[in-house]
Amino acid sequence: MTSLPDDTTLTDIGLQARGTGRLLVIACGALAREVLALRDQNGWDHLDLTCLPAILHNHPDRIDTAVREAVAKHRDTYKDIFVAYGDCGTGGALEATCRDLKVEMIAGPHCYSFFEGNDTFAARDEITAFYLTDFLVRQFDAFVWKPLGLDRHPDLRDMYFAHYEKLVYQAQTDDPALTATAKACADRLGLAFERRFTGYGDLATHLAGWAKG
């Protein structure tokens with residue numbers, strides 16, 4: 001089992017590949033724990049993982065370039081490379097990059113969708129819901145509170161979240177402490193709270209397909 005760096009490192013730096021295995025998954029740092037859990041549960045020893053900094057979540061215009069550079073860096077080391085990102089706010093740029101590089105990415109607009117299952121998520125059509133995953137619950141201040149300036153200007157909260165009604169915590173694991181933290185995040189944002197246990201959703205399906213190939 002690969003030891004993970006802490007969440008702050010995954011946010012700012014990411015995770016380096018080990019250079020072993022025939023299959024490499026390039027993922028967002030916010031998915032590192034989930035990808036490695038699935039790999040270890042299923043005995044996919046031929047699968048290696050490298051992660052780009054999760055903070056790119058807040059800078060989607062940089063994701064496709066970072067993925068392109070990662071593919072170029074590792075292309076000669078691995079037989080197959082896959083990309084564990086949805087569109088993630090790139091406006092189709094990441095899909096175009098992956099198509100150009102002939103690497104497969106995860107279908108769906110973002111991780112909130114593929115964790116819940118793309119069809120299920122689309123059917124809900126929840127335009128007034130704000131979503132958090134396990135990783136984003138742990139890194140709420142780094143991804144939400146501080147980037148929005150709420151640590152300095154908490155009075156802006158009601159303006160930013162005026163059109164939201166609830167915070168949906170998509171739980172990948174059954175962790176009461178994380179659930180309590182997620183509920184506290186909802187309280188801080190002045191939103192109703194809902195917890196949904198999604199597990200790994202379509203991420204597990206995609207990884208299983210890639211691992212078989």
Side-chain angles (χ1 to χ4, degrees), residues 1-57 63 66-67 70 74 77-86 88 103-121 131-140 142-143 168-183 185 195-213:
M1 181 177 294
T2 301
S3 60
L4 273 174
D6 59 33
D7 286 333
T8 299
T9 301
L10 289 171
T11 294
D12 297 331
I13 298 174
L15 176 70
Q16 293 298 313
R18 298 175 300 167
T20 59
R22 64 170 176 79
L23 183 161
L24 179 69
V25 174
I26 299 170
C28 172
L31 299 178
R33 192 180 301 267
E34 289 72 25
V35 172
L36 291 177
L38 285 164
R39 186 198 68 187
D40 294 340
Q41 288 172 15
N42 291 281
W44 296 329
D45 296 334
H46 59 297
L47 186 154
D48 196 7
L49 173 68
T50 187
C51 291
L52 303 179
I55 201 61
L56 290 176
H57 181 279
I63 292 175
V67 168
H74 296 290
T77 307
Y78 296 89
K79 180 177 180 293
D80 296 301
I81 296 177
F82 298 93
V83 175
Y85 275 90
C88 297
V103 296
E104 184 180 338
M105 61 183 281
I106 294 182
H110 38 61
C111 64
Y112 313 123
S113 179
F114 64 67
F115 272 139
E116 191 150 343
N118 286 318
D119 292 341
T120 299
F121 186 88
Y131 297 93
L132 294 179
T133 63
D134 282 9
F135 181 86
L136 291 175
V137 169
R138 295 192 301 268
Q139 288 291 92
F140 179 79
F143 279 82
V168 176
Y169 167 39
Q170 297 178 321
Q172 283 72 68
T173 56
D174 193 7
D175 185 331
L178 270 182
T179 298
T181 302
K183 174 63 167 62
C185 292
R195 178 189 183 273
R196 294 178 193 157
F197 181 76
T198 65
Y200 302 127
D202 289 349
L203 176 65
T205 305
H206 277 83
L207 285 179
W210 296 342
K212 286 181 182 177

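When reading the values below, keep in mind they use all heavy atoms of this one structure, side chains included, and skip hydrogens, waters and symmetry mates. Residues: numbered from 1 along the sequence shown.
- Taken to the nearest 0.5 Å, the CD1 atom of I55 stands 6.5 Å off from the CG atom of D12.
- The main-chain N or O of V25 is never found under 3.5 Å from a side-chain atom of Y78 such that the two would form a donor-acceptor pair.
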#### Entry: CA sep, side-chain torsions, deciding dist, call: E104, V83, side-chain contact (heavy atoms from CB on, under 4.5 Å)
CA-CA 6 Å; E104 184 180 338; V83 175; over 6 Å; no
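- A salt bridge does not link R39 to D45: none of the charged nitrogens lies less than 4.0 Å from a carboxylate oxygen.
- With salt bridges taken as basic N to acidic carboxylate O contacts below 4.0 Å, none links R33 and D134.
- Side-chain N or O atoms of T50 include one that pairs as donor or acceptor with a backbone N or O of L15 at under 3.5 Å.
- Residues A54 and C28 approach most closely at CA-SG, 3.9 Å, considering heavy atoms.
- Remark: side-chain polar atoms of N42 are not paired, donor with acceptor, to backbone N or O of W44 under 3.5 angstrom.
- To the nearest 0.5 Å, atom CZ of residue F114 and atom NE2 of residue H206 are 8.5 Å apart.
- Side-chain contact between T77 and L24 is absent, with no heavy-atom pair separated by less than 4.5 Å.
- Within the 4.5 Å cutoff, the side chain of F82 has no heavy atoms near those of the V103 side chain.
- With hydrogens and angles ignored, the 3.5 Å screen pairs a side-chain donor or acceptor of D48 with a backbone N or O of R18.
- Within the 4.5 Å cutoff, side-chain heavy atoms of L38 are placed close to those of Y200.
- To the nearest 0.5 angstrom, L4 atom CG is 5.0 Å from L36 atom CG.
- When all heavy atoms are compared, the tightest approach of L10 to A32 is CD2-CB, 3.9 Å.
- Ring centroid separation for the pair F121 and Y131 comes in under the 6.0 Å cut-off.
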### Message
Does Y169 form a ring pair (Phe, Tyr, Trp, His ring centres under 6.0 Å) with F197? I'd like the steps, not just the answer.
### Response
CA-CA 8 Å; Y169 167 39; F197 181 76; 9.5 Å; no
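- For T11 (side chain) and D7 (main-chain N/O), a donor-acceptor pair under 3.5 Å exists by modelled atom type.
- Nearest heavy atom pair, residue A84 against residue L31, reads O-CD1, 3.3 Å.
- Of the residues D202, D119, N118, the one that meets the side chain to side chain donor-acceptor pair (under 3.5 Å) test with S113 is N118.
- Annotation: the span from Y112 atom OH to C88 atom SG amounts to 8.5 Å, rounded to 0.5 Å.
- Ring orientation note: the planes of H57 and F143 are nearly perpendicular, at an angle over 60° on the 30°/60° scale.
- Under a 4.0 Å N-O distance rule, the pair R195/D174 qualifies as a salt bridge.
- L132 CG to L178 CG: the interatomic distance, rounded to the nearest 0.5 Å, is 10.5 Å.
- There is no side-chain donor-acceptor pair under 3.5 Å between T133 and Q170.
- Contact between A66 and L56 at its shortest, heavy atoms only, is CB-CD1, 4.0 Å.
- Smallest separation of non-hydrogen atoms from R22 and A211: NH2-O, 3.8 Å.
- Annotation: the span from R138 atom CZ to D6 atom CG amounts to 10.5 Å, rounded to 0.5 Å.
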### Task
Given side-chain contact (heavy atoms from CB on, under 4.5 Å), test I81 with H74 step by step and report yes or no.
CA-CA 8 Å; I81 296 177; H74 296 290; 4.2 Å; yes
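- T198 and Q172 share a side-chain donor-acceptor pair at under 3.5 Å.
- Pairing each heavy atom of A70 with each of I26, the nearest pair is CB-CD1, 3.8 Å.
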